[in-house]
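Step one of this worksheet: look at the structure below.
The chain is numbered in sequence order, starting from 1.
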Amino acid sequence: MGILRLLRVRLTLWYVALLALTLAAFSAGVYVALRESLYTNLDDSIETRSELVSALVTADGDIDVTGVEIPGDPVEGEEFVRVFDASGEVLLDNSAAAFRPPEDPAAVEAALHGETTRRGLAAGGVDLRVMTAPVRADGRVVGAIEVGLSEGDIHDTLSRLLLIIAALYPVALLVVGGGGVFLAGRALRPIDEVTLAARQISAEDLGRRLDLALPNDEVGRLARTFDGMIARLDEAFQRQRQFTADASHELRTPLTAIKGQAEVALQRERAPEEYREALRRVNEEVDRMIRLLGSLLTLARADAAQIEIEREPVSLERLAGDAMEQLRPAAAEKRVTVTPLSSADIVIRADHDLLLQLLLNLLDNAVKYTPEGGTVEVSWRPGAERAEISVRDTGPGIAPEHLTHVFDRFYRVDAARSRAEGGAGLGLSICRWIAEAHGGAIRAESPPGGGARFTVSLPLA
């Protein structure tokens, strides 16, 4: 049973089985076609002899067989000719005494009534094909003629054909089976190479590729697809390792700060105000850890598709108003003005809480990077099939080399300042996930007038 599990063996068996059925059908078709052709030729020969004999025995409207000789010597046991008069009496019979086929009165009677019949009969151990036909003169039936020929040549020909088929049929299957195994093995050899190369690639060595020099066929496309999959896995593993390292680093920073504050406070007796200051700083680091863990939990649940999108009608005007209202205290503390630039009400179907989180993250970043006295603008507008929400600040902007990376996890344009501001580089990653989960997209750009602008496009329906 083990060998039957090999693909090349199964392919060969299927191929041989299909070929066996095809050869069987072809052989049967050849046999039937040849048999019909031989019997048709035999019937034509019988009709030719019948017409020739009929012309010889018919004269002046009567049948006179006196002195008539049948052309060709009759071969005993292979052919015969009989002529009957209008009353059904035999006028001529050239069959030998040892080979006298039986008469068929019904066929003779049918011939005297103008009908031609054909039948097979056996006489003296010989199979014959017999035709009984009317003899006409001046439009009337004056007698009947019966001609028979042996079917022996047909039987011999068909027997030789069956013998040839029986001899060549298994030989053809054996030859094709052997060739099928060879060709299947040759065709599947590249797959063995792919398998061997793939076994040598592990999770710790995803930088390797198959790099097989294969043509652009099914196996070649399979190898290149496998290389592409390994490349994507390698990238995913690298992102995961980087994500783990960044998350560990981000968690280590507040823990180190908390431990440092605790050690300083415990070194000696201090005034109550100093303890309160140490606890205040510890509390800030704990808040930072809570925000970081919340962001990590959101991304982890998003990656695992555990966050359900509850779509409902959402007014972009009201959504922007709620987000600006929540960010107004932080903006006022920094003396940054948050200004809406649109008044049109656009309603889309989306998850209100997730979109609010997206807009809060964008506004929070804009307020952080806008200098004191600056302005943050919020606008929204409808399109043919999508609505767009934009948040623009008047900060330093984003350099072109950073624009394609700002949505990566833990990516910071200015790492030192972002950490000082309390950010972990996850807010824009969450924004991108929320936009894509709604079938939309988000992009970042630095307009010529300065600052940065983030635009979210969402489907209207």
Under 3.5 Å, side chain of [X] to main-chain N/O of [Y], donor-acceptor pair present?
| X | Y | answer |
| --- | --- | --- |
| Ser342 | Trp380 | yes |
| Asp351 | Glu310 | yes |
| Ser27 | Leu23 | yes |
| Ser446 | Ile398 | yes |
| Ser429 | Phe407 | yes |
| Ser37 | Ala33 | no |

Please indicate whether [X] has more than 12 foreign heavy atoms, meaning atoms of other residues, nucleotides or ligands, lying under 6.0 Å from its [atom1].
| X | atom1 | answer |
| --- | --- | --- |
| Tyr15 | OH | no |
| Phe26 | CZ | no |
| Glu333 | CD | no |
| Arg119 | CZ | yes |
| Glu269 | CD | no |
| Glu308 | CD | no |
| Asp153 | CG | no |

**Report entry** With Ile389, the side chain to side chain contact (heavy atoms under 4.5 Å, CB included) member among Thr455, Ile348, Leu359
**Finding:** Leu359

Any heavy-atom pair between the side chains of [Y] and [X] that's under 4.5 Å?
| X | Y | result |
| --- | --- | --- |
| Leu362 | Val456 | yes |
| Thr370 | Lys334 | no |
| Leu356 | Leu319 | yes |
| Thr40 | Asp44 | yes |
| Pro101 | Val130 | no |
| Asp104 | Leu121 | no |
| Glu79 | Ile46 | no |
| Asp322 | Leu360 | no |

Query raised in the report: Less than 4.0 Å between a side-chain N and a carboxylate O, is that true for Asp364 and Lys368?
Result: yes

**Report entry** Carboxylate-amine/guanidinium proximity below 4.0 Å for Glu388 and Arg381
**Finding:** yes

Could you pull out the closest heavy-atom pair between [X] and [Y], with the gap in Å?
| X | Y | result |
| --- | --- | --- |
| Ala350 | His438 | CB-CD2, 3.4 Å |
| Gly374 | Thr394 | CA-OG1, 3.6 Å |
| Pro134 | Thr116 | CD-OG1, 3.5 Å |
| Leu354 | Ile309 | CD1-CD1, 3.4 Å |

Report task. Please report the C-alpha distance between Arg335 and Glu372 in whole Å, then the side-chain angles of each, then the deciding distance to 0.1 Å, and finally whether the salt bridge (charged side-chain N to carboxylate O under 4.0 Å, His left out) criterion is met. Result -> CA-CA 5 Å; Arg335 290 186 292 177; Glu372 291 188 3; 2.6 Å; yes

**Report entry** Test log, rule side-chain hydrogen bond (donor to acceptor under 3.5 Å, both in side chains), inputs Thr132 and Glu146
**Finding:** CA-CA 4 Å; Thr132 307; Glu146 190 172 67; 2.9 Å; yes

